Amino acid sequence: QVQLVESGGGLVQAGGSLRLSCAASGRTSNLYSMAWFRQAPGKERDFVASTRWAFVYTIYGDFVKGRFVISRDSAKNTLYLQMNSLKPEDTAVYYCAATDRFTPSHAKVDYGYWGQGTQVIVSS
């Protein structure tokens, strides 16, 4: 089993920055790709970004437009999401996800492990 624990969420003003972290533990040797998703109240859970664990190969959701950067520290088994130029519409619960698929994916169904989420609120 794999456990994922997110942290780093909070309240920030529009235009500000936050860095989310996701600590992975358990059978992490089986993981090949990890991702961030987000879910605003009353909306679907949307793809934000994904990266292959072993080496750099990243994909982003269309709305990111260069504002967010996904990265990982393999030695610490930790995934990050640096979010800059935040907007009120970025307000959501952000979830970390992991998969044993080799290729990063946009699809929620491809991820078998999920964290509990961390709340991000961007005020205008």
Side-chain angles (χ1 to χ4, degrees):
Q1 277 290 4
V2 172
Q3 294 79 42
L4 304 173
V5 179
E6 303 96 332
S7 61
L11 174 64
V12 63
Q13 288 189 332
S17 298
L18 279 176
R19 189 176 82 155
L20 306 183
S21 299
C22 173
S25 61
R27 294 191 172 188
T28 58
S29 61
N30 294 334
L31 301 180
Y32 288 101
S33 299
M34 294 186 71
W36 290 98
F37 287 78
R38 71 183 190 182
Q39 188 167 19
K43 295 191 176 181
E44 294 286 322
R45 189 171 297 188
D46 292 331
F47 173 76
V48 177
S50 181
T51 183
R52 191 173 288 168
W53 194 247
F55 57 93
V56 176
Y57 176 84
T58 58
I59 55 174
Y60 291 93
D62 292 340
F63 71 89
V64 170
K65 298 186 189 301
R67 298 185 299 126
F68 297 176
V69 177
I70 188 171
S71 63
R72 79 280 182 269
D73 185 330
S74 300
K76 295 182 178 179
N77 280 344
T78 301
L79 180 74
Y80 302 100
L81 183 69
Q82 177 67 43
M83 303 188 294
N84 301 318
S85 302
L86 283 163
K87 305 174 183 179
E89 51 263 44
D90 293 318
T91 295
V93 177
Y94 284 72
Y95 296 91
C96 173
T99 178
D100 57 2
R101 287 172 57 94
F102 189 65
T103 302
S105 169
H106 295 81
K108 296 185 293 290
V109 296
D110 290 334
Y111 293 87
Y113 305 101
W114 292 85
Q116 82 290 348
T118 185
Q119 176 74 59
V120 171
I121 299 173
V122 184
S123 63
S124 56

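This is a predicted model, so every value here is computed, not measured.
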Checklist entry - Which heavy atom in Val48 sits nearest to a heavy atom in Phe68, and how many Å separate them? => result CG1-CD1, 3.7 Å

Checklist outcome for this item: Of all heavy-atom pairs linking Tyr111 and Met34, the shortest is CE2-C, 4.3 Å

Next on the checklist: Within the 4.5 Å heavy-atom criterion, are Val120 and Arg38 side-chain neighbours or not?
Outcome noted: no

Checklist entry - For the side-chain contact (heavy atoms from CB on, under 4.5 Å) test, which of Leu81, Leu79, Ile59 pairs with Thr51? => result Leu79

Checklist entry - Is there side-chain contact between Thr103 and Tyr32, with at least one heavy-atom pair below 4.5 Å? => result no

Checklist entry - Do you know the tightest heavy-atom contact between Ile70 and Ala35? => result CD1-CA, 4.4 Å

Next on the checklist: Using every non-hydrogen atom in the two residues, find where Ala49 and Tyr60 come nearest and quote the distance to one decimal.
Outcome noted: CB-CD2, 3.5 Å

Checklist entry - salt bridge (charged side-chain N to carboxylate O under 4.0 Å, His left out) with Arg67: which residues, sequence neighbours excluded? => result Asp90

Next on the checklist: Check the orientation of Phe37 and Trp114. Use parallel for under 30°, tilted for 30 to 60°, and perpendicular for over 60°.
Outcome noted: tilted

Item to check | Asp110: partners by salt bridge (charged side-chain N to carboxylate O under 4.0 Å, His left out), with sequence neighbours left out | outcome: Arg101

Next on the checklist: Do Arg52 and Phe102 form a cation-pi contact, if we require the NZ or CZ to be under 6.0 Å from the six-membered ring centre and within 45 degrees of the ring's axis?
Outcome noted: yes

Next on the checklist: Donor-acceptor pair, distance only, cut-off 3.5 Å: does the side chain of Glu6 make one with the backbone of Cys96?
Outcome noted: yes

Checklist entry - OG/Ser71 to CZ/Arg19 distance, rounded to the nearest 0.5 angstrom? => result 7.0 Å

Checklist outcome for this item: d(Leu20 CG, Gln82 CD) to nearest 0.5 Å is 9.0 Å

Checklist entry - For the side chain of Gln119 and the backbone of Gly10, is there at least one donor-acceptor N/O pair under 3.5 Å apart? => result no

Checklist entry - Between Ser124, Ser123, Pro88, which is the residue that forms a side-chain contact (heavy atoms from CB on, under 4.5 Å) with Gln13? => result Ser123

Checklist entry - With sequence neighbours excluded, what pairs up with Tyr57 under the ring-ring contact (aromatic ring centres under 6.0 Å, His included) test? => result none

